[in-house]
Amino acid sequence: MRLIFLGPPGAGKGTQASRLADEFGLCQVSTGDILRQAVADGTPMGKKAREFMDAGQLVPDEVVIGIVRDKLAGPECAGGYILDGFPRTTGQARALDDILSDFSAPIERVAAFMVAEEAVVERLSGRRTCRACQAMYHAVFAPTRVGGVCDKCGGELFQRDDDREQVIRERLKVYADNTEPLLAYYRERGLLTEVVAGGSVDSVYAAVRAAVGV
Ligand code: AP5
């Protein structure tokens, strides 16, 4: 399977990508996770990306295109992958087409997560992530057994800097201006399937599986 998960911040792309990747042995390529790791490691790329991410803006195309090109060329993605959070601009989508034509392995399906703005704000403002293993929780919808402690590894939970309400609103605006046009881009190519993403995690997972045909 070669898939793209497209949708606004907080639509549940990462939650569903992680579950589908685990079940079907796919590689999850999250540009957001890769960039956050680069920021945490203090690499030159991380230093460049940080100011954009903290402001809710997109990191320049050439940076993320390079990340995705390297990941897709690696052995871990040879058995199939989910692009989670990429592409986000028309320039990135065109670059992806070029990369995949080099591999003769086009995208098979684009799942477009459709969810109301208020639900997204509620989800993101309650999101908590484990500092050690990156497992994701929600203060209300998916709490840990012990407050502030990861169920999987005992690590400390934290709230992302860009999950403050003002930055969330900016990310939603950036999505509408830059990424929403990709719905038409992929619909015209016959690749887009909409996923109703406002329900429970289990119901959205069922809808994702139906959308990608597994
Ligand atoms: P990124 O990390 O990709 O953020 P995003 O797209 O804004 O997506 P999120 O991770 O916020 O949300 P999600 O849809 O994955 O939802 P999740 O499953 O986590 O990007 C961050 C930044 O990096 C960008 O702003 C940009 O600066 C930069 N960047 C990344 N990619 C880039 C690119 N291609 N080009 C340029 N810049 C790039 O769920 C959210 C919460 O909701 C969780 O707490 C979860 O537990 C909960 N939840 C999930 N599903 C449900 C449900 N069904 N019901 C209730 N709660 C739910």
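All values below were derived from every heavy atom in this structure, side-chain atoms included, with hydrogens, water molecules and symmetry-related copies excluded. Along the sequence shown, residues are numbered consecutively beginning with 1. Atoms within a ligand are numbered from 1 in the order they appear, just like the ligands themselves.
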So, the side chain of [X] versus the backbone of [Y]: is there a donor-acceptor pair under 3.5 Å, distance only?
{"X": "Q28", "Y": "I82", "value": "no"}
{"X": "Q16", "Y": "V201", "value": "yes"}
{"X": "K48", "Y": "T43", "value": "no"}
{"X": "R123", "Y": "A11", "value": "yes"}
{"X": "Q92", "Y": "R88", "value": "yes"}
{"X": "R109", "Y": "L3", "value": "no"}
{"X": "Q159", "Y": "S125", "value": "yes"}

Mind checking whether [X] has an N or O less than 3.5 Å away from an N or O of ligand 1?
{"X": "G14", "result": "yes"}
{"X": "F52", "result": "no"}
{"X": "V64", "result": "no"}
{"X": "G126", "result": "no"}
{"X": "D163", "result": "no"}
{"X": "V59", "result": "yes"}
{"X": "R171", "result": "yes"}
{"X": "Q92", "result": "yes"}

Please confirm whether G199 approaches ligand 1 to less than 4.0 Å, judged on its heavy atoms.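 For ligand 1, residue contact (heavy atoms, under 4.0 Å) with G199 is present.
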As a check for students: among [options], identify the option with a heavy atom nearest to [atom].
{"atom": "atom 10 (O) of ligand 1", "options": "R19, R88, R127", "value": "R127"}
{"atom": "atom 4 (O) of ligand 1", "options": "K13, R160, M53", "value": "R160"}
{"atom": "atom 16 (O) of ligand 1", "options": "G7, G12, S125, P143", "value": "G12"}

Ligand 1 contact on [X] by region, counting heavy-atom pairs under 4.0 Å:
{"X": "V201", "result": "both"}
{"X": "S200", "result": "backbone"}
{"X": "D61", "result": "neither"}
{"X": "Y137", "result": "backbone"}

What do the steps show when you test R160 against T129 for side-chain hydrogen bond (donor to acceptor under 3.5 Å, both in side chains), and what is the final call? CA-CA 8 Å; R160 273 170 47 175; T129 310; 6.0 Å; no
Basic-acidic side-chain contact under 4.0 Å: E170, R164: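 No, no charged N to carboxylate O under 4.0 Å.
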Are R19 and E23 within salt-bridge range, i.e. N to O under 4.0 Å?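 Salt bridge: no.
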Can you sort out which atoms of ligand 1 are near [X], meaning under 4.0 Å from one of its heavy atoms?
{"X": "F141", "answer": "55 (C), 56 (N)"}
{"X": "Q57", "answer": "26 (C), 27 (O)"}
{"X": "G32", "answer": "1 (P), 2 (O), 3 (O), 20 (O), 30 (C), 31 (N)"}
{"X": "R36", "answer": "2 (O), 21 (C)"}

In terms of hydrophobic clustering (I, L, V, M, F, W, Y; side-chain heavy atoms under 4.5 Å; direct or indirect links), are M136 and I34 co-clustered?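 No: no chain of side-chain contacts under 4.5 Å links M136 to I34.
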Do V204 and V212 belong to the same hydrophobic cluster, where Ile, Leu, Val, Met, Phe, Trp and Tyr are linked whenever their side-chain heavy atoms lie under 4.5 Å apart, directly or via other members?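 Cluster IDs for V204 and V212 match.
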Which protein non-hydrogen atom lies closest to atom 12 (O) of ligand 1, naming both residue and atom, and how far is it?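 Going by distance alone, atom 12 (O) of ligand 1 is nearest to G10 N, 2.8 Å.
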Check the pair R171, E165 against salt bridge (charged side-chain N to carboxylate O under 4.0 Å, His left out), reporting the backbone distance first and the verdict last. CA-CA 10 Å; R171 286 161 63 200; E165 182 158 350; over 6 Å; no
